[in-house]
Amino acid sequence: MLSQSGFAVGQIIPEPFHDPDSLLQLMGLDDFTLYIHSVTRRSRLEIYEMTLLEKESCLLSALEIALTPEERLNILKNVILIRKRLQRVTTQLMHSSVIKFSSIK
């Protein structure tokens, strides 16, 4: 339902016999919050990467209709900035570890 409303929704699948409530009780609020942030970090980076790719696509489309050299230069500068961000995000995704539920005490 949330994803249909435009929210970015991730899925966390804990080991059997655990649900979010039992994890919260087991770990405590601070550790549970850190756990959620760590296991959803990759999906947040992937969403950001897709957003950057969409922006780049829009800019490249605009390049086709840019009339003046100044407009083309401005668009290309923005494409270069997005490509630099994409490179950083992609590098982070490549080095992102997969966190297993079994690492929780």
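Pairing each heavy atom of V89 with each of E49, the nearest pair is CG1-CB, 3.8 Å. Pairing each heavy atom of R85 with each of Y48, the nearest pair is CD-OH, 3.5 Å. When every heavy atom of I75 is checked against every heavy atom of A66, the shortest pair comes out as CD1-CB, 4.0 Å. The two residues L52 and I82 make their nearest non-hydrogen contact at O-CG2, 3.5 Å.
Summarising the geometry, atom CG belonging to N78 is positioned 11.0 Å from atom CG belonging to L63; distances are rounded to the nearest 0.5 Å. With rounding to the nearest 0.5 Å, the separation of NZ in K55 from CG in L81 is 11.0 Å. Separation of atoms CD1 (I65) and CZ (R72) is listed at 11.0 Å; rounding is to 0.5 Å. Interatomic distance, L86 CG to L53 CG, rounded to the nearest 0.5 Å: 5.0 Å. Residue L59 holds its CG atom at 14.0 Å from NZ of K77, rounded to the nearest 0.5 Å.
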Requested in this report: Any chance you could lay out the side-chain contact (heavy atoms from CB on, under 4.5 Å) test for E70 and N74, step after step, and finish with the verdict?
Outcome: CA-CA 6 Å; E70 292 81 18; N74 189 38; over 6 Å; no
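No side-chain donor-acceptor contact under 3.5 Å links T90 to the backbone of Q87. At least one donor-acceptor pair closer than 3.5 Å links the side chain of E71 to the backbone N or O of T68.
Residues L60 and I80 do not share a hydrophobic cluster, defined by chaining ILVMFWY side chains whose heavy atoms lie under 4.5 Å apart.
Considering L24, L26, D19 in turn, D19 is the only one that fulfils the side-chain contact (heavy atoms from CB on, under 4.5 Å) rule with S22.
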